Amino acid sequence: MPLVFTDQSLQQCNTLGLPARAQAAVLDDEAAIPGLCREQGAPIFILGGGSNVVMQAQPQHCVLRVALRGIRLWQETADHWIVEAAAGESWHGFVTHCLDQGWPGLENLALIPGTVGAAPVQNIGAYGLELDQRLHSVVAWDLREGREQTLPPSACGFAYRDSVFKRAGAGRWLIVRVRFALPKVWTPRLDYPDVRDHPVLQDGALTPHQVYEAVCDIRRRKLPDPAVLGNAGSFFKNPVLDAAQADGLKQRFPGLRVYPQPDGRVKLAAGWLIEQAGWKGRRLGPVGMHERQALVLVNHGGAQAADVHALARAVQQAVQDRFGVALEQEPVVLD
Ligand code: EPU
């Protein structure tokens with residue numbers, strides 16, 4: 001069946017809950033993709049769970065809502081379970097399913113909103129683990145060339161909250177399946193202090209389920225549930241500075257949260273910068289920065305894209321004025 005794009009409301013398809021209407025179609029069968037490559041007219045925006053997007057009211061893009069489903073053990077090697085999930089699977093559902101099947105290794109990434117297919121795009125990461133550390137390969141259609149390819153991690157250009165799919169490849173690659181290499185010998189990832197110190201993990205032998213419970217609990221306490229209060233998670237990336245610049249700032253602001261990176265640069269906590277700049281829990285019109293985590297922009301009800309842009313600019317300006325640091329927006333804009 002060829003895909004049919006029709007005018008639709010996308011307000012339920014973005015976790016910020018912004019009103020938007022566009023030509024949209026649901027992709028639930030890979031067999032429809034070759035036809036899509038042949039018929040391409042208006043540029044296509046590939047939408048997963050809508051948890052990392054700011055939607056304009058009337059985007060010019062045609063929106064492809066990826067709803068491909070399926071999870072299987074694709075291969076077993078001496079050391080790894082290689083598990084494959086279709087792009088439209090819920091990320092958290094997939095993490096939970098893997099645990100229940102006895103394939104742990106993704107539990108630090110529990111409860112991240114969105115879909116499996118979107119996870120490599122921004123190289124999701126939390127609580128001491130980034131997706132690229134577990135990725136085996138990405139199966140994607142190159143919409144320009146009209147063929148399917150399997151990309152190893154080295155072809156994905158992964159960096160902190162970044163990949164080739166977000167930059168040069170935006171609109172080119174349609175991710176259909178993602179494979180993960182999960183080590184058969186499980187070792188807990190406890191680099192993040194809140195996880196390491198969580199009460200659930202304090203006695204006896206640790207299990208993957210305990211780490212999962214701890215991560216879910218920390219997230220529920222800190223981060224607003226998009227089903228209750230519209231948001232797109234962290235709205236800015238944590239800025240990465242060179243060491244000299246970070247040292248200078250640390251001298252002026254001793255409370256500055258700094259995280260030295262393997263490449264010698266230094267990551268700063270954007271939430272701390274925003275809080276110090278006076279924006280934690282503060283509103284501008286119908287939107288605001290969250291009261292428990294200043295890095296999360298929330299929709300208190302009735303917001304439009306313009307409200308989000310206005311607040312984002314105000315916060316960026318305040319942090320620039322106070323610290324001389326530029327904050328880069330993380331969610332992409334659908335226009
Ligand atoms: N902080 C403040 N005030 C705030 C928020 C944070 O002072 O309002 C301080 C905290 O006290 C802490 C530091 O900033 O010392 C870092 O905060 P946190 O541990 O909450 O993590 P983050 O750097 O703000 C990043 C990710 C999150 C991820 C957490 C945990 C980015 C952009 N965000 O947040 O990802 O869950 O680490 O690993 O890297 C997301 O992308 O949507 C997301 C939630």
Side-chain angles (χ1 to χ4, degrees), residues 14-16 48-54 91-92 95 106-115 118-133 158-163 166 189-198 211-212 214-226 229-241 246 249-250 253-261 265-282 288-298 312 315-316 318-319 322-323 325-332:
N14 71 103
T15 60
L16 267 166
S51 54
N52 199 45
V53 60
V54 179
W91 173 261
H92 178 67
V95 171
L106 295 172
E107 52 284 345
N108 293 55
L109 304 179
L111 224 57
I112 295 182
T115 58
V121 177
Q122 63 167 139
N123 188 22
I124 58 171
Y127 306 105
L129 185 70
E130 280 188 352
L131 173 123
D132 60 344
Q133 295 163 349
F158 287 125
Y160 165 61
R161 296 295 154 103
D162 203 14
S163 76
K166 202 170 174 182
R189 299 293 292 262
L190 303 173
D191 316 337
Y192 190 90
D194 287 10
V195 177
R196 192 175 55 228
D197 301 338
H198 195 278
V211 176
Y212 173 90
V215 168
C216 290
D217 181 54
I218 295 165
R219 286 192 79 95
R220 287 200 178 99
R221 273 191 283 123
K222 265 196 196 170
L223 298 166
D225 177 354
L229 187 60
N231 73 86
S234 300
F235 200 80
F236 301 101
K237 292 185 187 179
N238 283 328
V240 183
L241 309 184
L249 269 181
K250 183 85 183 158
F253 304 98
L256 192 77
R257 302 283 196 281
V258 292
Y259 306 95
Q261 301 300 292
R265 295 191 301 159
V266 176
K267 197 191 267 183
L268 306 184
W272 187 87
L273 299 174
I274 295 168
E275 179 172 349
Q276 297 300 311
W279 275 97
K280 189 174 192 169
R282 186 166 154 200
M289 303 312 289
H290 193 242
E291 59 194 16
R292 286 197 303 275
Q293 173 36 302
L295 192 48
V296 178
L297 185 152
V298 296
V315 170
Q316 282 168 323
V319 169
R322 178 131 195 203
F323 299 102
V325 172
L327 290 183
E328 184 187 341
Q329 179 171 320
E330 193 180 14
V332 296

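As a basis for the values below, the full set of heavy atoms in this structure was taken, side chains included, without hydrogen atoms, waters or symmetry mates. Numbering of ligands and ligand atoms starts at 1, following listing order. Since we're looking at a predicted model, the values are computed, not measured.
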Return a yes/no value: protein heavy atom under 4.0 Å from [atom]?
{"atom": "atom 43 (C) of ligand 1", "result": "yes"}
{"atom": "atom 10 (C) of ligand 1", "result": "no"}
{"atom": "atom 18 (P) of ligand 1", "result": "yes"}

L268 and side-chain contact (heavy atoms from CB on, under 4.5 Å): which partner among V325, V319, V240?
V325
Evaluate R220 against D225 for side chain to side chain contact (heavy atoms under 4.5 Å, CB included), listing each step before the verdict.
CA-CA 7 Å; R220 287 200 178 99; D225 177 354; over 6 Å; no
Can H290 be said to touch ligand 1, with heavy atoms closer than 4.0 Å?
no
Among all protein non-hydrogen atoms, which one is nearest to [atom], and what is the separation to 0.1 Å?
{"atom": "atom 27 (C) of ligand 1", "answer": "S234 OG, 3.7 Å"}
{"atom": "atom 24 (O) of ligand 1", "answer": "Q293 NE2, 3.0 Å"}
{"atom": "atom 8 (O) of ligand 1", "answer": "A294 N, 2.8 Å"}
{"atom": "atom 41 (O) of ligand 1", "answer": "R161 NH1, 2.3 Å"}
{"atom": "atom 3 (N) of ligand 1", "answer": "E275 OE1, 2.6 Å"}
{"atom": "atom 1 (N) of ligand 1", "answer": "W272 N, 3.8 Å"}
{"atom": "atom 14 (O) of ligand 1", "answer": "A269 CB, 3.2 Å"}
{"atom": "atom 23 (O) of ligand 1", "answer": "N238 ND2, 2.8 Å"}

4.5 Å side-chain heavy-atom contact, [X] and [Y]:
{"X": "F235", "Y": "V54", "value": "yes"}
{"X": "R322", "Y": "F253", "value": "yes"}
{"X": "R219", "Y": "P113", "value": "yes"}

With atoms numbered from 1 as shown, which atoms in ligand 1 lie under 4.0 angstrom from a non-hydrogen atom of [X]?
{"X": "G233", "answer": "42 (O)"}
{"X": "Y160", "answer": "31 (C), 32 (C), 39 (O)"}
{"X": "R219", "answer": "36 (O), 44 (C)"}
{"X": "E330", "answer": "41 (O)"}
{"X": "Y259", "answer": "12 (C), 13 (C), 15 (O), 16 (C)"}

Quick check for you: to the nearest 0.5 Å, what is the distance between L223 atom CG and H290 atom NE2?
8.0 Å
If I take atom CD from residue Q293 and atom CZ from residue R221, how far apart are they, to the nearest 0.5 angstrom?
13.5 Å
Within reach of ligand 1, part of [X] (heavy-atom separation under 4.0 Å):
{"X": "R257", "value": "side chain"}
{"X": "W279", "value": "neither"}
{"X": "F236", "value": "backbone"}

For E328, all residues meeting salt bridge (charged side-chain N to carboxylate O under 4.0 Å, His left out), sequence neighbours excluded:
K237
If I compare all heavy atoms of L249 with all of F323, which pair ends up nearest, and what's the gap?
CD2-O, 3.5 Å
Contact (N/O only, under 3.5 Å) between L295 and ligand 1:
no
N/O separation below 3.5 Å, K280 to ligand 1:
yes
Donor + acceptor pair across side chains of D217, H198 (<3.5 Å)
yes
One pair to check against side chain to side chain contact (heavy atoms under 4.5 Å, CB included): L241 and V258. What are the steps and the verdict?
CA-CA 10 Å; L241 309 184; V258 292; over 6 Å; no
Evaluate side chain to side chain contact (heavy atoms under 4.5 Å, CB included) for L297 paired with V315, printing each intermediate quantity in order.
CA-CA 10 Å; L297 185 152; V315 170; over 6 Å; no
Got a sec, which pairs hit side-chain hydrogen bond (donor to acceptor under 3.5 Å, both in side chains) with one end in residues 265-275, sequence neighbours left out?
D263-R265, E275-K280
